[in-house]
Asker: 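First the structure, then my questions, so here it is.
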Amino acid sequence: MKDFKLRVWLLLHGAKLLALILIGKIPSHFVRNFLYRLCGMKIGKNSLVYGGAEVRRPEWVEIGDGSIVGNRAILDGRLGIKIGCNVNISTGVWIWTVQHDHKDPKFGDVGGKVTVCDHAWLSCRSIILPGVTIGEGAVVAAGAVVVKDVEAYSVVAGIPAKKIADRPRTIAYNLGSSYGIPFI
């Protein structure tokens with residue numbers, strides 16, 4: 001009986017993962033956002049999740065107003081992701097909330113919620129590891145791997161990401177109103 005229950009769980013879990021992958025491929029922002037919301041994801045006004053994004057545990061992912069999640073991004077919501085307002089998550093960004101524990105002889109899991117504060121910019125192919133907070137207005141450079149919290153209005157780059165500059169504190173843009181293309 002235990003083996004049967006495991007097989008049923010795997011089948012249902014696999015079907016859910018397939019459905020989430022298919023949602024990411026729908027060529028309409030409006031329909032894609034609608035379906036993600038139906039799955040429990042909180043998506044703010046004028047926010048977009050571009051096609052090809054992969055969302056795990058959408059019910060634990062929250063995206064603020066006017067934010068953008070680029071194509072081929074991965075949002076691993078298993079332990080929670082909170083994305084603020086007017087955040088730009090560029091193409092190919094990976095946000096992980098769970099990873100294997102290299103200190104555990106049984107290769108167990110460790111992790112924590114990831115928070116990305118308002119007006120942050122995660123540039124293309126950057127990787128955010130579990131438990132990290134990206135401060136307000138911070139910039140993560142392309143290809144950076146963030147292993148610890150990033151201060152507000154700082155710019156980080158490298159592997160592991162280190163502070164390389166400061167960003168002006170006069171940020172006033174609203175991504176939700178500056179797309180230049182109509183919502184489909």
Asker: Under a single-linkage definition using a 4.5 Å side-chain heavy-atom cutoff for Ile, Leu, Val, Met, Phe, Trp and Tyr, are V139 and I171 assigned to the same hydrophobic cluster?
Answerer: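 The answer is no; the residues belong to distinct hydrophobic clusters.
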Asker: Flag yes if more than 12 heavy atoms outside R78 fall under 6.0 Å of its CZ atom; otherwise flag no.
Answerer: yes
Asker: Could you tell me whether a side-chain N or O of N33 sits under 3.5 Å from a main-chain N or O of S47, the two making a donor and an acceptor?
Answerer: yes
Asker: First locate atom CZ of F30, then atom CG of L35, and finally report the distance between them rounded to the nearest 0.5 Å.
Answerer: 9.5 Å
Asker: Do I43 and V61 land in one hydrophobic cluster if side-chain heavy atoms of ILVMFWY residues count as linked below 4.5 Å?
Answerer: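 Hydrophobic grouping puts I43 with V61.
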Asker: Above 12 or not: heavy atoms from other molecules or residues under 6.0 Å from CD of E136?
Answerer: yes
Asker: For the residue pair I23 and C39, establish whether any side-chain heavy-atom pair is separated by less than 4.5 Å.
Answerer: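 Side-chain contact under 4.5 Å: yes.
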Asker: Taking all atoms of both residues into account, what is the closest heavy-atom pair of G135 and A120, and its distance?
Answerer: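 Distance-wise, the nearest heavy atoms are O-CB, 4.0 Å.
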Asker: Establish whether V116 and V155 are linked, either directly or via other cluster members, by ILVMFWY side-chain heavy-atom contacts under 4.5 Å.
Answerer: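 V116 does not cluster with V155.
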Asker: Can you find a pair of side-chain heavy atoms, one from R57 and one from T97, that are under 4.5 Å apart?
Answerer: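 They are not in contact (no side-chain heavy atoms under 4.5 Å apart), so the answer is no.
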Asker: Please determine whether residues L79 and I95 belong to a single hydrophobic cluster, defined as Ile, Leu, Val, Met, Phe, Trp and Tyr linked transitively by side-chain heavy-atom distances below 4.5 Å.
Answerer: no
Asker: Look only at the side chain of S90 and the backbone of L122, and say whether a donor-acceptor pair between them is shorter than 3.5 Å.
Answerer: yes
Asker: Does the side chain of C117 come within less than 4.5 Å of T133's, by heavy atoms?
Answerer: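 SC-SC contact between T133 and C117 confirmed.
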Asker: Without placing hydrogens or testing angles, list every side-chain donor-acceptor pair under 3.5 Å for residues 156-169, not counting sequence neighbours.
Answerer:
residue	atom	partner	partner atom	Å
K163	NZ	D166	OD1	2.8
R167	NH1	H119	O	3.0
R167	NH1	G137	O	3.0
R167	NH2	Y173	OH	3.4

Asker: If you take all heavy atoms of N71 and Y50, which pair is closest and at what distance?
Answerer: N-CB, 3.5 Å
Asker: Residues two or more places apart in sequence or in another chain: which of them pass ring pair (Phe, Tyr, Trp, His ring centres under 6.0 Å) with F34?
Answerer: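 Listed in chain order: nothing, the list is empty.
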Asker: For the residue pair L75 and R56, establish whether any side-chain heavy-atom pair is separated by less than 4.5 Å.
Answerer: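 No, every pair of side-chain atoms sits at 4.5 Å or beyond.
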Asker: May I ask you to test the I74-W96 pair for a side-chain heavy-atom distance under 4.5 Å?
Answerer: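 With C-beta onward as the side chain, the pair touches.
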Asker: Looking at N46, L175, I83, N88, which hits side chain to side chain contact (heavy atoms under 4.5 Å, CB included) with S67?
Answerer: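 Single pass found, and it is I83.
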Asker: Distance check, rounded to the nearest 0.5 Å: I63 atom CD1 versus K42 atom NZ?
Answerer: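 So the CD1 of I63 and the NZ of K42 are separated by 11.5 Å.
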Asker: If you take all heavy atoms of A138 and E151, which pair is closest and at what distance?
Answerer: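 In terms of heavy atoms, the two residues are closest at CB-O, 3.6 Å.
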Asker: Would a single hydrophobic cluster contain both I81 and W94, if residues Ile, Leu, Val, Met, Phe, Trp and Tyr are joined by side-chain heavy-atom contacts under 4.5 Å?
Answerer: no
Asker: Look at the side chain of D118 and the backbone N and O of C85, then say whether any donor-acceptor pair between them is shorter than 3.5 Å.
Answerer: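 At least one qualifying donor-acceptor pair exists.
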Asker: Does atom CH2 of W121 have more than 12 heavy-atom neighbours, drawn from other residues, nucleotides or ligands, at distances under 6.0 Å?
Answerer: no
Asker: Identify the two heavy atoms, one from V49 and one from M41, that lie closest to each other, and give their separation to 0.1 Å.
Answerer: CG2-CE, 3.9 Å
Asker: Without swapping roles, check the side chain of D65 against the backbone of K45 for a donor-acceptor pair under 3.5 Å.
Answerer: yes
